[in-house]
Amino acid sequence: MEALALSLKEAPPPYEVHRFSRDGVVVVRDHRSSVFMGGFLLGEFGEQDKDRGPRNVLVVTLAKSERLHLGRLAVAFGMTEEYLRQLRRKEEAGGLGALLLSKQGKDSTVPPELRAAWSAMFAAGHMPTAVSREQRGAKKTHFSYTTVRREFEMWKQARDAQPPTGPTVDIASQPSDGQLRLLFAKPSEVVEAAASDAELDDAPSTPAEGGAEIVPMTAAPVRGGKMVQHVGCWVLLALVNEFGLHDDAAHAFQPQRQDGLRIALDAVICALAIDQRCIEGVRRLATPTGPTLLRAERVPTASGVRKLFGRLLSETEIGGAILDARATTRLITAAHVDSGPAIFYVDGHMRRYSGKHVIRKGWRMQDRRILPGSTDYYVHDEEGRPVFRVPVTSHDSLTAWLSPIARRLRAGLGEEERILLAFDRGGAFSTQLADLRDAGIEFVTYERAPYPAIAVTAFDRTVVARGATYQLHERRNKNLGDQRGRIRRIALRAPDGKQINLVAISSAPAAQLVAILLGGPAPNLPSGRWQQENAFHHGDARWGMNQLDDRSVEPYRPGTIIPNPARRRLDRSLRIARVAEGDARRKLASTTPVLGALRRAVLEQDLAAALDLQRDLEALRPETPTHAPVEETVLAGKLVRHTGQLKTIVDVIRVVCANAESDLATLIAPHLGRPREAKKVIANILAAPGQVTVTDQAIHVRLAPAANRSERGAIRHLFTAINMRGLGLPSDPKRLPLRFELQPL
């Protein structure tokens, strides 16, 4: 029987508790605050007193402790972190006596008529920021934003205390597979899903993150500046805009305020451009020229950007999947430009997790052990640029995802295009190879050992891969067994005599297939499948691909089959018991009669105990399955997984930015004395300050990047190529083209 919600609300407690540490709290009772630390009363102060000296002395004294978080301390004492910083600087200059002033600030008592006017504005939907700005503009009040914010909180508490006017419905959130379903859908199906989702309802949206307020992000026109910090990231913004990321985001989320979405996207892109690697890097844009950089009235906070994305995701559950699908389709189409087959590299990468939640474990090759984390399968194009990512929290094998990935590539390129997949031995199983062949997908991979050795005299050709000469033989096909047919086999003999076998389904020459996996003839440039390995390292070091991004979790659905932890512990105990048996037998065999019967009796007793334990464990194995539903294991109620919705959005931005960076590196590398440092030069350009001049015809940006003489010459060639493309900033109403140039030394 379902429980009915009571219409009566419990009376609010007669006091409030604001905790600033594990054993430190501020208790507010009847407009009087008491500070406790470890159960001892440190002091008291009046909340409405004109003299805030006791409060300031207490908070500054506590701030000297290295164990306390200054942000939580400031919030507990009812002040901002910046005001606490000012108090600490004042105490350093004049001691605690400087804090004991007779009057701190102005009178913050709000007249009843002004409080009524503010309440009306709050009820109309105005936020404290807008109310405070309007009051300052009209010069009707001397009250600060803190006072307006306090009145807003009091008005909100009074509104929430009123009884509800209608029935309350509690809808339990259920995990959704919409993202993975749309990831492998055709583009037309994604568009239809977006249209149907937009027509579901017109109800007002619910705020994300527990109803927290999102400070409005208001756009501003393009402004000039003598020295705008980080304005070099406009190069990346222009390329991302040309790619269509902002249009795809607007189509996926369809927010009422497009300005907020555009500013949030620009903030994340600029943070990534200056090597911050995650949303938290938005804080590094809070400079005096930050509003000019983002074309906004103010620089948004990292928390504000996360809340905006969270609200958009709550309004449109599949918005992130739609954005991912549209951007992926563009990248898949752009990856195939010649008449040959479209070559894609597929491989898995495991992200470690060290947080407080219990999540599933997987094998991490770099550590040679099982660790908690999430497995991601990445698809890169022939040049090593990322195309899309498939998150797999269940750590499924590569063979389980090769066919879905191939179908997604087929949907993006069409039925007539040739597709060639390159992957490692993890996907080289007969069943999977036969499925790819039957689906019309070409592939090349390493053959799994053991395979027959070929005589040295049978190798009749040579091929060069990454500066090494390999002998080649291709006369025998590989039988997949079970009447699956045969596939192509290419045998290579390395200079050290080691034999390497490749298997493939492709009409491409053997030398090309060898170059796809092992690399081309140039020894100084990484190519082949090593491009994807290098892309993994660069994607994490430069763009933060391994960042968690989304900390929200959800429980597994009942009935989800997982590896049984009890069986894993039982097998481990059985292995230990067998090792103990072996040790006992070894010691008995090496025991001499000199040691006596007592020593032999102890060893025989150890052997008997190990055998008894093995019999007991062997008896338990049939009753302990290797896999079981999650609710029937010891992880019931504990095992969770990250939703990954926010990470999907941020990863789409990262992938698009990485492709834009590769395009810039391709343009500048031929003009550099050290082409391998092209992406480092691009990073310096994106983080460079510059002068912005806005005219009726164009936006002129004169950048001052850190570069030597030869690099400056290459940068001029790059700017010439960029200016010829007529790039513009996202959502610029005048659509003025950008013109980049170097500032003279």
Side-chain angles (χ1 to χ4, degrees), residues 179 182-183 185-199 217-222 233-273 279 294-296 300 305 308-309 311-313 315-335 385-389 408 411-412 645-646 648-664 699 722 725-738:
Q179 285 188 322
L182 285 176
L183 177 62
K186 296 181 179 179
S188 59
E189 297 176 357
V190 174
V191 174
E192 294 175 0
S196 62
D197 182 76
E199 297 173 358
M217 301 181 189
T218 307
V222 183
C233 64
W234 279 9
V235 177
L236 188 61
L237 276 180
L239 289 176
V240 170
N241 181 45
E242 183 187 44
F243 175 82
L245 178 63
H246 292 76
D247 295 336
D248 291 342
H251 178 87
F253 296 109
Q254 299 178 353
Q256 297 180 355
R257 292 193 53 135
Q258 296 284 348
D259 292 343
L261 177 60
R262 194 274 302 169
I263 295 172
L265 287 175
D266 288 0
V268 176
I269 294 170
C270 290
L272 295 175
I279 292 182
L294 298 179
R295 295 171 294 140
V305 173
L308 175 64
F309 285 141
R311 177 167 294 179
L312 293 176
L313 288 170
E315 294 174 356
T316 308
E317 183 181 357
I318 60 175
I322 296 174
L323 174 62
D324 190 14
R326 290 175 65 91
T328 299
T329 302
R330 293 178 185 267
L331 291 171
I332 292 174
T333 306
R385 294 174 295 189
V387 179
F388 62 90
R389 175 186 69 95
R408 181 65 187 94
Q645 295 181 352
L646 179 59
T648 298
I649 300 176
V650 182
D651 274 356
V652 170
I653 300 174
R654 290 189 177 110
V655 168
V656 175
C657 290
N659 279 265
E661 180 195 41
S662 297
D663 292 342
L664 293 173
I699 302 172
I722 293 176
R725 296 168 66 169
L727 303 177
L729 292 173
S731 303
D732 183 9
K734 297 182 179 180
R735 298 185 178 180
L736 297 176
L738 287 167

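Values reported hereafter were calculated over all heavy atoms of this structure, with side chains retained and with hydrogens, waters and symmetry mates removed. A quick note: this is a predicted structure, and the numbers were derived from the prediction, not measured.
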In Å and rounded to the nearest 0.5 Å, what is the CG to CD distance from Asp247 to Glu242?
-> 12.0 Å
Got a second to check how far Leu245's CG is from Leu239's CG, nearest 0.5 Å?
-> 12.0 Å
Ion pair Arg389/Asp324, N-O distance below 4.0 Å | no
Flag the pair Ile649 / Phe253 as yes when at least one side-chain heavy-atom distance between them is below 4.5 Å, and no otherwise.
-> yes
To the nearest 0.5 Å, atom OG of Ser731 lies from atom CG of Leu265 at 9.0 Å
Taking 4.0 angstrom as the limit, do Asp259 and Arg262 come out as a salt bridge?
-> no
Taking all heavy atoms of Leu323 and all of Ala249, pick out the closest pair and write down the distance.
-> CD1-N, 3.7 Å
Go through the side-chain N and O atoms of Thr316 and Arg311 and say whether any donor and acceptor fall under 3.5 Å apart.
-> no
Of the non-hydrogen atoms in Leu236 and Ala660, which two are nearest, and what is the gap between them?
-> CD1-CB, 3.6 Å
Where do Ala264 and Phe309 come nearest, in terms of heavy atoms and distance?
-> CB-CZ, 4.1 Å
For the residue pair Trp234 and Leu738, establish whether any side-chain heavy-atom pair is separated by less than 4.5 Å.
-> yes
Hey, does Val387 have a side-chain heavy atom less than 4.5 Å from the side chain of Val655?
-> no
Is it true that Asp732 and Arg295 have a side-chain N and a carboxylate O under 4.0 angstrom from each other?
-> no
Please tell me if the side chains of Asp651 and Phe388 come closer than 4.5 Å, counting only heavy atoms from C-beta onward.
-> no
Pro255 and Ala250: which non-hydrogen atoms are nearest, and at how many Å?
-> CD-O, 4.2 Å
Tell me, do Leu736 and Val222 make a side-chain contact under 4.5 Å, heavy atoms counted?
-> no
dist Lys734:NZ -> Ile699:CD1 (nearest 0.5 Å) comes out at 9.0 Å
To the nearest 0.5 Å, tell me how far Leu312 CG sits from Gln645 CD.
-> 11.5 Å
Sorted by chain and residue number, the salt bridge (Lys or Arg N to Asp or Glu O under 4.0 Å) partners of Asp248 (sequence neighbours excluded) come out as Arg326, Arg330
Derivation of the side-chain contact (heavy atoms from CB on, under 4.5 Å) call for Asp663 and Arg385 | CA-CA 10 Å; Asp663 292 342; Arg385 294 174 295 189; 3.1 Å; yes
Where Gly260 and Met217 come nearest, the two heavy atoms and their spacing = O-SD, 3.6 Å
Kindly indicate whether the side chain of Pro737, heavy atoms from C-beta on, has any atom under 4.5 Å from the side chain of Leu727.
-> no
Gap separating the CD1 atom of Ile269 from the CG atom of Leu294, nearest 0.5 angstrom = 10.5 Å
Could you tell me which non-hydrogen atom of Ile263 sits nearest to which non-hydrogen atom of Ala296, and how far apart they are?
-> CD1-CB, 3.6 Å
Could you walk me through whether Leu664 and Val235 pass side-chain contact (heavy atoms from CB on, under 4.5 Å), step by step?
-> CA-CA 9 Å; Leu664 293 173; Val235 177; 4.0 Å; yes
